[in-house]
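On a predicted model such as this, the values are computed, not experimentally measured, just so you know.
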Amino acid sequence: MAQRLRVRYAKRGRLRFTSHRDISRALERAIRRADVPVAFSAGFSPHPKISYVGAAAPTGVASEAEYLEISVTRRCDPGGLRTALDASLPPGLDVLDVVEAGAGSLADRLECSAWRIRLPGADPALARAAVERFNAAERIEVERLTKKGMRRFDAREAVVSLEAAEAAEGAETTAGQASSQSCVILRMVVRHETPAVRPDDVLTGLRLVADFAPPVPPEVTRLAQGPLDVRTGAPADPFDLDRDNSRGGETEPVSEHVGGDL
């Protein structure tokens, strides 16, 4: 292994319904098509050194902030790799950023997520009242079926912020289509805890505290992941430390140590 690269990618539109396993297969095929010099593990059954960082967004949920790491056998220009890899992926599965991995664990930086939940046809006044009750509660216990059976946990403690607003007419939907229907937009920041509190758990909590439920299935998008910025109450960019290390540690022109087209 000559280098580790960290990749931020998005799943959009219809690809939000694709399972994480199918997305990982598509990414691995794209890595081969883009001729990325990926390293392989040793042993009887070598496999590409690609690791997916953090909890994947659930099937049916769009995301602007999914992460993976790739180990390569020769040094690559992150910008060139981003362009080549993005061109090898289908529309809706988009590579947004690539950086060279610095010190520390990327997984440790993913402390929280920011979410947007679009609720077409929901009543804005009822939504705001439900959010007020949710925020005022000290504890809201919800149940969810997990691999270990039905589990009961607090959905309130992990929520850093939750607010409701009425979307303007003509707002763009998760599927990338314009809608003339007015709707409610919930925005929230949630800490990554065990068990993980997901957007559907928060919606369950709103139903429990205020009998508020969306009239149609919600459209959910993860907007960001990263370390919690105490000043803004939102996730910071987890790649900031890698960019700082790259700027501070660069001792020779990039062209002198980048091999091949990437």
Taking C-beta and beyond as the side chain, do [X] and [Y] meet within less than 4.5 Å on heavy atoms?
| X | Y | answer |
| --- | --- | --- |
| Pro199 | Met188 | yes |
| Thr221 | Trp115 | no |
| Leu106 | Pro238 | yes |
| Leu15 | Ile23 | no |
| Leu5 | Gln3 | yes |

* To do: Ignoring hydrogens and angles, state whether a donor on the side chain of Thr59 or His20 is under 3.5 Å from an acceptor on the partner side chain.
  => no
Taking the side chain from [X] and the backbone from [Y], do they hold a donor-acceptor pair closer than 3.5 Å?
| X | Y | answer |
| --- | --- | --- |
| Arg33 | Ser88 | yes |
| Asp94 | Lys11 | no |
| Ser41 | His47 | yes |
| Asp154 | Ile140 | yes |
| Thr73 | Pro37 | yes |
| Arg82 | Val95 | yes |
| Arg16 | Gly13 | yes |
| Ser63 | Ala65 | yes |

I need the [X] [atom1] to [Y] [atom2] distance, nearest 0.5 Å.
| X | Y | atom1 | atom2 | answer |
| --- | --- | --- | --- | --- |
| Leu119 | Phe212 | CG | CZ | 5.5 Å |
| Phe134 | Leu186 | CZ | CG | 10.0 Å |
| Cys112 | Arg191 | SG | CZ | 8.5 Å |
| Asp201 | Arg156 | CG | CZ | 14.0 Å |
| Asp237 | Asp242 | CG | CG | 9.0 Å |
| Leu27 | Asp22 | CG | CG | 11.0 Å |

* Trace of the salt bridge (charged side-chain N to carboxylate O under 4.0 Å, His left out) decision for Arg187 with Glu163 -> CA-CA 5 Å; Arg187 291 182 179 271; Glu163 58 184 22; 5.3 Å; no
* Test log, rule salt bridge (charged side-chain N to carboxylate O under 4.0 Å, His left out), inputs Arg128 and Glu166 -> CA-CA 9 Å; Arg128 285 192 289 266; Glu166 186 175 1; 5.1 Å; no
Please name the pair of heavy atoms, one in [X] and one in [Y], separated by the smallest distance, quoted to 0.1 Å.
| X | Y | value |
| --- | --- | --- |
| Pro120 | Pro215 | O-CG, 3.5 Å |
| Gly205 | Val142 | N-CG1, 4.0 Å |
| Val184 | Pro124 | CG2-CA, 3.5 Å |

If you draw a 6.0 Å radius around [atom1] in [X], do more than 12 non-hydrogen atoms from other residues or ligands fall strictly inside?
| X | atom1 | result |
| --- | --- | --- |
| Arg139 | CZ | yes |
| Arg144 | CZ | yes |
| Arg151 | CZ | no |

Got a salt bridge between [X] and [Y], using NZ or NE/NH1/NH2 to carboxylate O under 4.0 Å?
| X | Y | value |
| --- | --- | --- |
| Glu64 | Arg8 | no |
| Arg152 | Glu143 | yes |
| Arg222 | Glu66 | yes |
| Arg109 | Glu111 | no |
| Asp200 | Arg198 | yes |

